[in-house]
Amino acid sequence: MYVYDEHDRKMAAERVEQFRDQTRRRLAGELAEEEYLPLRLQNGLYVQRHAPMLRICVPYGMLRSDQLRRLARITRDYDKRFAHFTTRQNLQLNWPELEQVPDILAELAEVEMHANQTSGNCIRNTTTDQFAGVQSDEIADPRPYCELIRQWSTFHPEFAFLPRKFKVAVNASEKTDRAAIQVHDIGLQLVRNDAGELGFRVHVGGGLGRTPMVGPVIREFLPELDLLTYLEAVLRVYNRYGRRDNKFKARIKILVKALTPEGFAEKVEAEWAHIKDSPTRLTPEAIEHIKGFFTEPAYEQLENATDLLASQRFENREFDQWLAHNVDTHKKPGYAIVTLTLKQTGTPPGDVSDEQLDQIADLADEYSFGEARVTHHQNVVLADVRQDRLFELWQSLKPKGFATANLHTLNDIICCPGGDYCNLANAKSIPVAEAIQRRFDDMDYLYDLGEIDLNISGCMNACGHHHVGNIGVLGVDKKGDEFYQISLGGSSHHDAQIGKILGPSFAREEVPDVISNIVNVYVEQRTSEESFLDTYRRIGIKPFKERVYA
Amino acid sequence: MPELITADGALRQDDWVVVPRPEEGEALALPDDKPALVPADLWLENESTFANRADIGVWFDSHDEPEILAGKVNEVPLIAVNFPRFVDGRGYSIGRLLRERFGYEGDLRAIGDVLLDQLQFMKRCGFSTFVLRADKDASQAARYLDFFSQTYQAAWDTDLPLFRRRAS
Ligand code: SF4
């Protein structure tokens with residue numbers, strides 16, 4: 001994992017002092033709220049329905065155990081002993097006091113953490129695949145590039161006041177896309193060209209929200225050394241020409257659409273031609289330097305524990321299910337990737353208590369070289385677990401509520417905080433998630449249904465990524481009442497697609513029935529090998545519509 | 001006369017007057033006895049009279065294109081960029097382009113909704129003087145111009161990004 005040097009530490013400390021000073025001036029009346037607003041947003045501080053909300057950055061989802069323990073302590077000392085993992089691999093506190101936020105930031109800085117640019121119209125946290133570095137099919141480890149982007153985008157003097165927020169995601173696997181790069185402002189897919197050189201395929205202008213769009217490719221191959229200058233060119237074109245007159249038309253996707261992807265690409269290329277060879281161009285040494293922080297942990301030479309696992313599975317059906325759903329293949333023999341699910345029915349998706357944060361830290365130390373990762377599905381990953389210790393780990397996860405074997409099932413719901421916390425919400429989302437989880441409480445039935453992404457957002461801002469859920473649920477306001485619109489067929493993977501709206505919206509109590517009806521159509525119509533999405537793509541939306549509105 | 005802040009935070013007075021864009025059909029209202037900043041496109045329209053005059057500079061609004069002055073930036077004694085609202089970040093790109101692309105060497109001034117917390121970003125993007133919004137305390141500017149002692153990126157104030165400085 002990246003470790004700060006004296007420069008990073010200095011900037012982190014100065015950032016805390018800066019925000020302390022800004023907050024002091026705000027409280028003394030020297031800064032008007034509208035002047036303070038973008039400053040506090042760029043330090044992760046929102047003012048929410050009940051209290052301020054602080055969004056803490058977890059750069060590309062990586063956490064060390066000392067950081068987890070510090071987070072646990074912060075939720076105890078400054079909040080109500082819990083926190084919420086977001087769909088962008090960050091962590092939110094829901095009840096901090098404004099006056100104390102500078103102290104929280106100082107506590108974070110001590111463990112090399114911060115809340116920089118987790119909100120506001122600037123370049124946000126760069127996200128990536130939670131299996132980075134441990135899966136066998138990745139082109140290269142994406143994390144060094146994420147870290148280079150983090151440094152480049154941190155306090156970038158030219159791009160602190162963009163037309164709108166700006167999100168970058170990097171994906172490294174050819175087969176899967178766990179980072180949903182095609183629905184980001186910039187999506188970078190690591191690729192090798194015919195000559196075997198490393199680079200990126202660049203998507204620009206994807207995004208959810210009011211005008212959901214899958215990001216078109218604007219460059220098929222960008223050599224790795226050109227990463228930062230090219231990003232600078234894209235950002236400069238956006239900063240200059242993105243719309244600033246209408247908040248809903250200000251994302252880069254609108255500019256890309258207006259200019260057409262080809263027209264936009266031409267503008268970027270023209271800008272890039274000027275700065276391509278500027279000092280911002282990466283050097284092989286700079287990349288090597290950062291790669292040095294993402295070397296492999298001290299793996300032991302092991303064989304796969306195939307026989308042991310087989311007998312453990314045979315003896316314990318629950319363990320067998322957990323292994324099948326929550327454990328993935330590791331690139332090293334004898335190791336496995338374990339996902340701890342934070343989707344226990346009755347707990348809001350992504351919520352963790354202080355105790356659980358401490359537990360995750362202990363588990364990381366005990367089983368996974370002291371590191372954990374946050375996923376875009378609001379779960380937590382231990383990436384380097386010995387196979388011969390999986391059974392023991394599983395036993396320890398169960399009482400802590402981390403072993404619900406519902407990963408990728410209908411119950412592994414992505415859900416934004418919604419109307420319970422967020423003042424932009426049209427409707428609550430957490431109770432809807434819970435009602436659906438209660439309806440589908442038969443694990444065997446869930447496994448039989450296979451992989452279904454169900455995503456819930458409380459409003460058009462789409463923090464719950466409803467557009468790219470195979471089933472999407474969106475809170476809408478109908479003359480002051482909370483209603484829910486359903487969409488089908490979305491995907492955030494390599495075959496990214498925006499879901500189609502099923503029809504008129506429903507009252508909250510109706511939602512579980514609607515989901516049951518949709519699922520029943522799938523079960524009746526599927527062929528043996530088909531996933532929900534496959535069946536939907538084959539038969540279209542009509543049969544679902546007919547059943548639901550019958 | 002508003003106080004002018006220099007890049008090191010010193011305060012001084014000067015006489016430059018920002019001449020607003022005239023209404024359709026009206027002429028530029030140049031002050032009689034003071035140096036004036038005129039909209040850049042109007043300077044170009046009147047290039048034959050304005051060129052190389054020490055008392056006529058130009059200003060760009062945030063939606064203007066600095067490209068129109070390419071090749072001529074050093075024929076004006078002063079360029080200002082207007083920040084109509086401090087959250088309008090286009091002026092930062094304009095500053096860098098004037099300096100880094102078009103090679104402007106003279107004084108580059110930030111005007112408009114210029115606040116203390118953005119001064120260092122402006123300075124990093126090539127601005128050398130600043131006219132703070134009237135209700136703000138210019139005497140505090142020095143501190144905010146250099147709040148951060150280290151930066152990650154190359155910009156007008158730093159030739160090399162940190163990754164190149166680290167490597168050497
Ligand atoms: S989708 Fe809407 S309701 Fe949900 S967190 Fe985002 S802004 Fe709030």
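Here is how names work: the chains are called A, B, and so on, in the same order as the sequence lines, proteins then strands, and each is numbered from 1. What you are looking at is a predicted structure, and each value in this text was computed from that prediction instead of being measured.
- From R240(A), atom CZ reaches atom CD1 of I94(B) across 7.0 Å, with rounding to the nearest 0.5 Å.
- Between E158(A) and R90(B), none of the side-chain N atoms (NZ, or NE/NH1/NH2) sits under 4.0 Å from a carboxylate O, so this pair counts as no salt bridge.
- Two residues are said to be in side-chain contact when any heavy atoms from C-beta on lie closer than 4.5 Å; F161(A) and F121(B) meet this criterion.
- Salt bridge E232(A)/R96(B): present, at least one basic N to carboxylate O contact under 4.0 Å.
- Interface residue L228(A): only side-chain heavy atoms are found under 4.5 Å from chain B.
- Checked for salt-bridge contact, R85(B) and E34(A) miss the test: no charged N lies under 4.0 Å from a carboxylate O.
- T280(A) and Q153(B) share no donor-acceptor pair across their side chains, judged by distance under 3.5 Å alone.
- Between R25(A) and D137(B), no side-chain nitrogen of the basic residue sits less than 4.0 Å from a carboxylate oxygen of the acidic one, so the salt-bridge criterion is not met.
- Only the side chain of Q22(A) comes within contact range of chain B, with heavy atoms under 4.5 Å apart.
- In this structure, the ring of F155(A) has its center no less than 6.0 angstrom from the ring center of Y152(B).
- Side-chain contact, R9(A) with Q150(B): no donor N or O sits under 3.5 Å from an acceptor N or O.
- In this structure, R164(B) and S278(A) approach most closely via the heavy-atom pair NH2-O, 4.1 Å.
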